[in-house]
**Student:** 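This structure is in structure tokens; I'll ask about it shortly.
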Amino acid sequence: MINNTTSHQIHQNNFTVLRWLAAGLVLYGHSFVFLGLPAPSFMSWASLGALGVYIFFAISGYLVAQSWVSDPHPFRFLQRRALRIFPGLVVCITLTVLMLGPLLTKLPIFEYFSHVQTRNYFSNIALYMSYNLPGVFTTNHYPNAINGSLWSLPAEFSMYFALALVGVARIPKFGWAIVALCFVVLAKLWAMETPKMLVIYRTDFRQVLICGAYFWVGAAAFKYNISRLFTVSNVLGAVIIWLMLTRWPQLFVIASWIILPFLVIAFGMAHSPILSRFAKYDYSYGIYIYAFPVQQTIAHFWPHMPLKIYLIVTGIITVILAGLSWHWIERPALKLKPPRPI
């Protein structure tokens, strides 16, 4: 038996390992696209990059709901969330515009800095998405996109606002399950069925619903304290049921919104002191926001690099940048979080 403090730390470390895994899936899945290769998918259902994002949202829903319950104050809650997202993002965007762009653009340097796309790229800091810089990556296999991974950040932050609204409204406990169910139903019946984008604040609202379903199922999982269900037999049973549903793709997708968060949270809550040794530093956010431009840059100079070498090179560079971001930007910013009430 371990004490509560140690248990909480181990759980956090397990979730950190999962975030590393999710970020790695995004990097790995994008590698094929950037090299012009056929991209693999998980169970013929989702790209590996999308799977990584869904894992992120499920983890976030569970842990952010925990954060709200521990201190249900909307300003302090959003302040904590902002300190996790924006300091690293501001530095990443600034470095991209002032260093990466000028080095790689095909335009004269004055024209690059005076171009409207260059100015617009700073709007990413406000989660108002802009993906292009003038004259950069124009001949890549995946042309023009500087950092497509950023699309999920406004979807993520919108979930923080939604959770704060639900918390302030003091809806009863069953209301959290209703919110999660609404996201799942809308995601399945509308977001995944309509080919037409609904763009709000430069974000495809279909993706907000799809990812939000994983977030809210994760949040409801915390609210209902489903940790008591995390037995070996239940986890194996969930895996078997999910695999059996591959014969019926529609049911498999619907089940993913329940089973994937269940499996992710079960792993995150598992007692594993061994994993805690490998998860002292949460580089996952840095990996997520730096991998795309790093991979595009390497593909720009060596578009036919062998996949294995490409993964090693881009992985090392990305982890180094993520480490610098964590130690110099993200972790110092997290120390500014408001203290929780005693």
Side-chain angles (χ1 to χ4, degrees), residues 1-28 42 48-71 80-81 84-85 88 152 156 159-160 163 211 214-240 242 256-289 291 315 318-319 322-323 325-327 330-331 334 337 340:
M1 179 68 67
I2 54 180
N3 62 51
N4 290 335
T5 302
T6 305
S7 175
H8 175 75
Q9 182 63 41
I10 289 175
H11 293 164
Q12 292 298 317
N13 284 330
N14 288 355
F15 281 118
T16 299
V17 170
L18 275 173
R19 285 192 290 260
W20 273 79
L21 172 63
L25 284 173
V26 174
L27 186 152
Y28 181 77
F42 176 74
L48 297 183
L51 177 63
V53 171
Y54 299 157
I55 291 173
F56 269 126
F57 272 83
I59 295 171
S60 179
Y62 188 86
L63 295 181
V64 170
Q66 181 182 22
S67 175
W68 171 263
V69 170
S70 66
D71 182 17
R80 293 187 186 99
R81 305 282 64 77
R84 187 65 187 100
I85 296 292
S152 69
E156 174 80 11
M159 293 302 102
Y160 301 159
L163 193 145
C211 295
Y214 293 101
F215 179 95
W216 276 101
V217 170
F222 173 78
K223 192 68 173 179
Y224 285 87
N225 190 26
I226 68 166
S227 59
R228 62 185 182 277
L229 302 178
F230 295 150
T231 64
V232 174
S233 58
N234 285 346
V235 170
L236 288 177
V239 171
I240 292 171
W242 200 23
S256 75
W257 279 303
I258 306 300
I259 295 179
L260 182 63
F262 179 83
L263 296 177
V264 165
I265 296 167
F267 181 87
M269 294 295 293
H271 294 267
S272 180
I274 295 176
L275 289 181
S276 67
R277 301 175 184 176
F278 300 96
K280 294 181 180 180
Y281 310 110
D282 189 357
Y283 292 1
S284 59
Y285 181 58
I287 292 173
Y288 187 77
I289 62 176
T318 301
V319 170
S325 178
W326 170 255
H327 291 288
E330 298 168 47
R331 188 164 66 173
L334 292 177
K337 284 184 176 184
R340 298 184 186 276

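Side-chain atoms are counted along with the backbone in the values below, which use heavy atoms only and exclude waters and symmetry mates. Source: prediction; values computed, not measured.
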**Student:** If I take atom OH from residue Y283 and atom NE2 from residue H327, how far apart are they, to the nearest 0.5 angstrom?
**Tutor:**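 Result: 2.5 Å between the selected atoms.
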**Student:** Working to the nearest 0.5 angstrom, can you tell me the gap between L263 CG and N234 CG?
**Tutor:** 11.0 Å
**Student:** Less than 4.0 angstrom from a charged side-chain N to a carboxylate O is my criterion; do R84 and D282 meet it?
**Tutor:** yes
**Student:** If you compare all heavy atoms of G52 against all heavy atoms of A22, which two are closest, and at what distance to 0.1 Å?
**Tutor:**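 For G52 and A22, the tightest heavy-atom pair comes out as O-CB, 3.3 Å.
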**Student:** For a quick test of reading the model, state the closest non-hydrogen atom pair linking P261 to G218 and the distance between them.
**Tutor:** CB-N, 4.4 Å
**Student:** May I ask you to decide if S67's main-chain N or O and S70's side chain share a donor-acceptor pair within less than 3.5 Å?
**Tutor:** yes
**Student:** Which heavy atom of L18 sits nearest a heavy atom of I59, and at what distance?
**Tutor:** CB-CD1, 3.5 Å
**Student:** Once you round to the nearest 0.5 Å, how far does CD of E330 lie from OH of Y281?
**Tutor:**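 That separation rounds to 14.0 Å.
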**Student:** So how far is it from Y28 OH to L51 CG, rounded to the nearest 0.5 Å?
**Tutor:**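 So the gap between those two atoms works out to 13.0 Å.
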**Student:** Given side chain to side chain contact (heavy atoms under 4.5 Å, CB included), test F56 with S284 step by step and report yes or no.
**Tutor:** CA-CA 10 Å; F56 269 126; S284 59; 4.3 Å; yes
**Student:** Using ring centroids (six-membered ring only for Trp), state whether F230 and F262 fall under 6.0 Å.
**Tutor:** yes
**Student:** Are Y54 and V264 side-chain neighbours, meaning at least one heavy-atom pair lies under 4.5 Å?
**Tutor:** no
**Student:** With side chains defined as the heavy atoms from C-beta onward, is the minimum distance between M269 and F15 less than 4.5 Å?
**Tutor:**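 Yes, at least one pair of side-chain atoms sits under 4.5 Å.
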**Student:** Any chance you could measure L229, atom CG, to I265, atom CD1, to the nearest 0.5 Å?
**Tutor:**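 Output value for this atom pair is 11.0 Å.
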**Student:** Does any non-hydrogen side-chain atom of R81 lie less than 4.5 Å from one of L163?
**Tutor:** no
**Student:** Do the non-hydrogen side-chain atoms of I287 and W326 ever get within less than 4.5 Å of each other?
**Tutor:**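 No, too far: nothing below the 4.5 Å cut-off.
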**Student:** Please find the pair of heavy atoms, one from G286 and one from A322, that lie closest to each other, and give the distance.
**Tutor:** C-CB, 3.5 Å
**Student:** Mind checking whether W242 and F42 have parallel, tilted or perpendicular rings, split at 30° and 60°?
**Tutor:** tilted
**Student:** Looking only at side-chain N and O atoms, does E156 offer a donor or acceptor that is under 3.5 Å from a partner on Y160?
**Tutor:**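 Judged by distance alone, the side chains do pair up.
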**Student:** Which atom pair, heavy atoms only, marks the closest approach of C211 to V53?
**Tutor:** SG-CG1, 4.0 Å
**Student:** Is there side-chain contact between R340 and R80, with heavy atoms separated by less than 4.5 Å?
**Tutor:**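 Yes, at least one pair of side-chain atoms sits under 4.5 Å.
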**Student:** Would you name the heavy atoms of G88 and I289 that are closest together and state the gap between them?
**Tutor:** O-CD1, 3.7 Å
**Student:** Would you indicate whether the side-chain heavy atoms of M159 and W216 approach each other to under 4.5 Å?
**Tutor:**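 Side-chain contact under 4.5 Å: yes.
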**Student:** Report the residues that fulfil side chain to side chain donor-acceptor pair (under 3.5 Å) with S152, sequence neighbours left out, ordered by chain and then residue number.
**Tutor:** Y288
**Student:** Does a side-chain heavy-atom distance below 4.5 Å link S325 with Y285?
**Tutor:** no
**Student:** Checking side-chain polar atoms at under 3.5 Å, does Y214 have a donor or acceptor matched by the opposite partner on S60?
**Tutor:**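 Result is no, nothing qualifies.
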